[in-house]
Amino acid sequence: MKKYIRKNLLVVMVFLLVLLIENSASILVQFLKGDLLNLALDGDVSETLYKAMLLLGAILIETMFMYFEFISTNKFNYLCTKDLKEDVFKATLNKEYSDFNKNSIGEYIAKFTNEIKTINDAYFNSITLLVMLIIKILFVSCALICLNLKLAIVTLILLTMTLYIPKLAEKKLKKSQNNFLDTMEIFLEKLNDFFQGFEIIKNFSIENKIMIKFKIFNDNAMKTSYINDNTHSLIRIISACMSYFSYFIIVAFSAYLVLVGEFNAGQFFIAVNMI
């Protein structure tokens, strides 16, 4: 898969540049919000208006580059998936006729539907998501360190815990995904056989028998899809629960810093928004 990244390296570089600008603007937005709150509490009208205009500009820049992020991510996924499909089709064409006939047409079609989509979701989308997450963590960590070192340490320990859950459940997720792919491949293969034998089905009037067989294969395919979706949903809800619990602790700690005088209202606002 590395060759697809190298082949589209220019898009990757643009994507990284966009992320750097977007996250810089995002952090600036949070600090300007805090400054705006402090100035408003102090009653400084002119400085409040000035900061408000700066905040508006930063928000516009962040929003614009967020759009560029979506465009560059879609471009990367599009190019990599296109190249992957071309390679799979080329490899199929280069097979000997005897090797080609070892698999049904449905199996080959499945590679261009379920399997390539799964690769795109599990690999190409994951790469962009991981890069976005790493850069965001780095920017927010640096900003929190500048704001308060103790809060930065607590935040990093708690919020990164949610990253380990998918890793701990990797075997279960992989098994569920493989079962889904295998069952869908069988389903598509049988579906292809049914359609290719359409004339025979009509000639022998065996529509009911074929319908019974179809229901069996369809039920198996949909059950594995349902189990696969439920497995992913369980991992997501566990991650969400841990995220909310961590967020509660961090907000409580930020409130404590306000009580002991290490934070003012604006800094508390900045910290909570960044986290």
Side-chain heavy-atom pair [X], [Y] within 4.5 angstrom cut-off:
{"X": "Leu37", "Y": "Leu41", "answer": "yes"}
{"X": "Phe248", "Y": "Phe253", "answer": "no"}
{"X": "Leu158", "Y": "Tyr247", "answer": "no"}
{"X": "Leu79", "Y": "Val11", "answer": "yes"}
{"X": "Phe187", "Y": "Met222", "answer": "no"}
{"X": "Phe217", "Y": "Thr183", "answer": "no"}
{"X": "Leu19", "Y": "Phe65", "answer": "no"}
{"X": "Lys213", "Y": "Lys190", "answer": "no"}

Tested for side chain to side chain contact (heavy atoms under 4.5 Å, CB included) against Thr73, the lone hit among Thr128, Val131, Ile127, Leu129 is Thr128

When Leu149, Thr155, Leu151 are each screened for side chain to side chain contact (heavy atoms under 4.5 Å, CB included) with Ile153, the one that passes is Leu149

Determine the minimum heavy-atom distance between [X] and [Y], stating which atoms define it.
{"X": "Ala40", "Y": "Thr48", "value": "N-OG1, 3.7 Å"}
{"X": "Leu36", "Y": "Leu55", "value": "CD2-CD2, 3.8 Å"}
{"X": "Ala255", "Y": "Phe268", "value": "N-CE1, 3.5 Å"}
{"X": "Phe263", "Y": "Ala271", "value": "CE2-CB, 3.9 Å"}
{"X": "Gly34", "Y": "Ile270", "value": "CA-CG1, 3.6 Å"}
{"X": "Ala25", "Y": "Ala58", "value": "CB-O, 4.0 Å"}

Applying the 4.5 Å side-chain criterion to the ILVMFWY set and letting contacts propagate, would [X] and [Y] be lumped into a single cluster?
{"X": "Met13", "Y": "Phe68", "result": "no"}
{"X": "Leu147", "Y": "Phe139", "result": "yes"}
{"X": "Leu54", "Y": "Leu60", "result": "no"}
{"X": "Tyr50", "Y": "Leu39", "result": "no"}
{"X": "Leu133", "Y": "Leu138", "result": "no"}

From [X] atom [atom1] to [Y] atom [atom2], the distance as rounded to the nearest 0.5 Å:
{"X": "Lys85", "Y": "Thr81", "atom1": "NZ", "atom2": "OG1", "value": "7.0 Å"}
{"X": "Asp35", "Y": "Lys51", "atom1": "CG", "atom2": "NZ", "value": "4.5 Å"}
{"X": "Gln30", "Y": "Phe269", "atom1": "CD", "atom2": "CZ", "value": "7.5 Å"}
{"X": "Asn23", "Y": "Cys142", "atom1": "CG", "atom2": "SG", "value": "11.0 Å"}
{"X": "Leu32", "Y": "Leu28", "atom1": "CG", "atom2": "CG", "value": "4.0 Å"}
{"X": "Ile237", "Y": "His232", "atom1": "CD1", "atom2": "NE2", "value": "15.0 Å"}

Under 6.0 Å from the [atom1] atom of [X], do we count more than 12 heavy atoms belonging to anything else shown?
{"X": "Ile200", "atom1": "CD1", "result": "no"}
{"X": "Met64", "atom1": "CE", "result": "yes"}
{"X": "Glu207", "atom1": "CD", "result": "yes"}
{"X": "Leu9", "atom1": "CG", "result": "yes"}
{"X": "Lys82", "atom1": "NZ", "result": "yes"}

Test salt bridge (charged side-chain N to carboxylate O under 4.0 Å, His left out) applied to Glu86 and Lys90, step by step
CA-CA 6 Å; Glu86 289 175 359; Lys90 183 179 179 180; over 6 Å; no

Counting N and O atoms only, with roles assigned by atom type, does the side chain of [X] sit under 3.5 Å from a partner on the main chain of [Y], one being a donor and the other an acceptor?
{"X": "Ser26", "Y": "Glu22", "answer": "no"}
{"X": "Asn228", "Y": "Phe180", "answer": "no"}
{"X": "Asp42", "Y": "Asp44", "answer": "no"}

Determine whether Lys75 and Phe15 satisfy the following criterion, side chain to side chain contact (heavy atoms under 4.5 Å, CB included), listing intermediate values before the conclusion. CA-CA 9 Å; Lys75 184 73 171 179; Phe15 172 65; over 6 Å; no

Sequence neighbours excluded, the answer for side-chain contact (heavy atoms from CB on, under 4.5 Å) partners of Asn74 is none

Q | Asn179 and Thr224: side chain donor to acceptor below 3.5 Å | A | no

(Q) salt bridge (charged side-chain N to carboxylate O under 4.0 Å, His left out), that's the test. Do Asp87 and Lys3 meet it? Break it down for me. (A) CA-CA 11 Å; Asp87 288 344; Lys3 72 173 184 177; 3.1 Å; yes

Report task. Could you label the plane-to-plane angle of the Phe124 and Phe76 rings as parallel, tilted or perpendicular, counting under 30° as parallel and over 60° as perpendicular? Result -> perpendicular

| task | Test Ile137 against Leu156 for side chain to side chain contact (heavy atoms under 4.5 Å, CB included), laying out the working first. | result | CA-CA 8 Å; Ile137 287 174; Leu156 285 174; 4.3 Å; yes

Close aromatic pair by centroid cut-off 6.0 Å: Phe195 and Phe198
no

Could you walk me through whether Asn192 and Leu188 pass the side chain to side chain contact (heavy atoms under 4.5 Å, CB included) check? CA-CA 6 Å; Asn192 180 71; Leu188 289 172; over 6 Å; no

